Amino acid sequence: MILPSKLMSLVNKIERGSKVDLNYMGVDCWPVVRNTFMSMASPGFKKRARKNSIKQFYLAIFDFLRLLFFSKHVDAIVLTDKKFQAKANGKLYYKDASVIKELLLSSGKSCHILTQNGPERSNKKEKSSSILMLTAMAVIISKILRWLDFSQTTSNYLQNIYNCNELKSLGFENVQSCKKIEKNIYFVIVASFLFGILLRRLRPKKSYIVCYYSCLGMALCVACKKLNIEAIDVQHGVSGSSMRAYGRWASIPVKGYNTLPKSFYCWTPIDVKAVESWSKKTSYHRVFFTGNIWRQYLVERDKSTLPEEQKLSKQVEGYKKVVLYTAQKKELPKLLVDLIKQAPANIFFMIRLHPDASAHEMTLIAKKLDEAEINYSVFNATKSRIHKVIQLADFHVTEWSAAVYDAYLEGLNSIVISPVGEDYFNDWIKLGVVRYSSSVLVTLSYLSAAGDESRGCSKSLDEVKAIVLG
């Protein structure tokens, strides 16, 4: 396993020593290469392949045709995904996307939400359109384009990068990754063309993207740059100097890359600094400190309590300390299991599984913990709001979950217990905001100490609104 900072240093050497800048068919290829390569080489949670029914494809065709031929001009669009859905005030939201739309509508602006997943007919209150059909078309056309392109431009470009000494020493399987990267480049080329058609129809002034570094996100960035539309990335998870999409673009041109967004909305000053370290060297990219937009919306405008949150609140009553663990994997790490077994009986453990965890996996973990005879609750992330759960806890433990940000904003100490977490949150550890532990005894000593109640800074919704409208 390669730690994120080590992988970043390797990529930076490649950026400085090889000819990585290629604009092919109007697409700056290096960000596609870098994001794809680093995602394959980095540790992470393996996502399940999403399956769409025949009915969803028919609905997606209808959605796309309606969007293309019958939609009105809008001031802004937001590209998001089903995995960013959550409940608040009794209805379903697309988190940041829905809040941005609400802020724009309250100012007399129009906004349309585009989703990467199949059409959601169950969520009638939040009008959105699926672009699943655009994705399907891009997949098919990009395959044909790749077969018919005899210039060998992309394959020669990738071969030149993979022949560098840095990657040879890594021993990465270049045949598999080269093929994947090449597919992604052609996909971005085709998808950016299709997005261009759609954008000419909708004519937005701004395009907000929740996770720009997906292939669709980068394709939208390209289309926006060509049409002089501002593309804005809205932070949704871990960022910082070691994160592939945001940190240390070592040889970025002064004009920037069209596969990166023009603007970045960041959660914390630490994230702003990571982006600013390279964006200020360009005439195109810029960064804004907005705070976590969805969290701020919940804090200011949602006073409801979900059933899962009520249940947890009753379960933790009477315990001296409550520890929240947020999972990044399907299985609990050995250090956590040992910690739970050795912890005093007056500590309660709330174990929040990854959103992709299945009910079966929850049952298996619960059985394993039953054997340890400890006080715990295992729950899925989709049935509770993280800020509400954090308010019940005295400490937060994780491997490298983005919940570290939420804990920081709620004034809760985080302890990362994996080398990856230490690496991702190294800047936070230096500031004393996060602690790292690789042993049960050290973790127990942290849990027995008093926590630092200082909260991270955030922006009010009115301040966020001013940035969105700016």
Side-chain angles (χ1 to χ4, degrees), residues 26-28 60 63-82 84 93-117 119-120 123 126-135 137-138 188-236 256-265 284-288 290 293-294 297 464-470:
V27 169
D28 289 331
D63 244 20
F64 189 67
L65 292 175
R66 185 179 60 182
L67 184 65
L68 199 57
F69 296 110
F70 300 103
S71 291
K72 296 179 181 179
H73 298 166
V74 293
D75 293 299
I77 61 169
V78 191
L79 178 63
T80 187
D81 192 82
K82 183 180 179 179
F84 300 119
Y93 285 76
Y94 281 103
K95 291 188 175 180
D96 301 281
S98 297
V99 178
I100 288 170
K101 181 178 178 179
E102 190 171 309
L103 292 176
L104 288 169
L105 292 178
S106 67
S107 302
K109 304 286 185 180
S110 55
C111 180
H112 200 90
I113 294 176
L114 307 180
T115 64
Q116 300 182 42
N117 48 278
E120 291 285 319
N123 189 16
E126 186 59 272
K127 189 177 179 182
S128 62
S129 297
S130 168
I131 55 166
L132 180 63
M133 192 59 201
L134 185 148
T135 305
M137 289 167 63
V188 172
I189 290 169
V190 176
S192 65
F193 174 78
L194 296 175
F195 266 128
I197 296 172
L198 185 60
L199 291 175
R200 287 184 183 93
R201 176 70 185 85
L202 297 176
R203 299 185 186 178
K205 294 179 179 65
K206 294 184 178 183
S207 293
Y208 299 89
I209 309 167
V210 183
C211 189
Y212 91 84
Y213 51 94
S214 67
C215 287
L216 268 179
M218 288 186 282
L220 181 53
C221 288
V222 174
C224 286
K225 180 71 184 293
K226 289 179 179 178
L227 296 171
N228 200 29
I229 297 167
E230 184 181 3
I232 304 161
D233 176 72
V234 182
Q235 185 176 339
H236 71 286
Y257 287 125
N258 65 10
T259 30
L260 298 184
K262 178 176 182 176
S263 304
F264 293 82
Y265 284 4
Y284 180 61
H285 304 294
R286 56 185 187 166
V287 59
F288 296 90
T290 60
I293 297 173
W294 172 242
Y297 181 84
V464 172
K465 185 177 180 178
I467 294 171
V468 168
L469 293 173

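Counting from 1, the numbers follow the sequence of the chain as shown. None of the values given here were measured: they were computed from a predicted structure.
- For Lys226, the NZ atom is densely surrounded, since the number of other residues' heavy atoms within 6.0 Å is greater than 12.
- Lys109 has its side chain out of reach of Val468: every pair of non-hydrogen atoms, C-beta onward, lies at least 4.5 Å apart.
- Aromatic rings of Phe84 and Trp294 (six-membered ring for Trp) have centroids beyond the 6.0 Å cut-off, not under it.
- Using cut-offs of 30° and 60° on the angle between ring planes, the pair His236 and Tyr213 is tilted.
- Between Ser129 atom OG and Arg66 atom CZ the span is 5.5 Å, to the nearest 0.5 Å.
- Counted within 6.0 Å of CZ on Phe193, heavy atoms from surrounding residues, nucleotides or ligands total 12 or fewer; the atom is thus considered open.
- In this structure, SG in Cys221 is found 7.5 Å from OH in Tyr212, a value given to the nearest 0.5 Å.
- For Ser263 and Glu230, the side-chain atoms include at least one donor-acceptor pair closer than 3.5 Å.
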Run the numbers on Ile113 and Ser98 for side chain to side chain contact (heavy atoms under 4.5 Å, CB included), then give the verdict. CA-CA 8 Å; Ile113 294 176; Ser98 297; 4.1 Å; yes

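- Leu104 contributes atom CG, which lies 8.5 Å from atom OG of Ser110 (distance to the nearest 0.5 angstrom).
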Starting from the C-alpha separation in whole Å, work towards a yes-or-no answer on side chain to side chain contact (heavy atoms under 4.5 Å, CB included) for Leu260 and His285. CA-CA 8 Å; Leu260 298 184; His285 304 294; 3.5 Å; yes

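- Taking the centre and axis of the six-membered ring of Tyr284, the NZ or CZ atom of Lys225 falls inside the cone set by 45° and 6.0 Å.
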Audit row: Leu114, Leu134, side chain to side chain contact (heavy atoms under 4.5 Å, CB included) steps and yes/no: CA-CA 11 Å; Leu114 307 180; Leu134 185 148; over 6 Å; no

So Ser192 and Val27, side chain to side chain contact (heavy atoms under 4.5 Å, CB included) or not? Walk me through it. CA-CA 8 Å; Ser192 65; Val27 169; 4.1 Å; yes

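- Distance check, rounded to the nearest 0.5 Å: NZ of Lys82 to OG of Ser128 gives 11.5 Å.
- A side-chain donor-acceptor contact under 3.5 Å links Asp28 to the backbone of Asn258.
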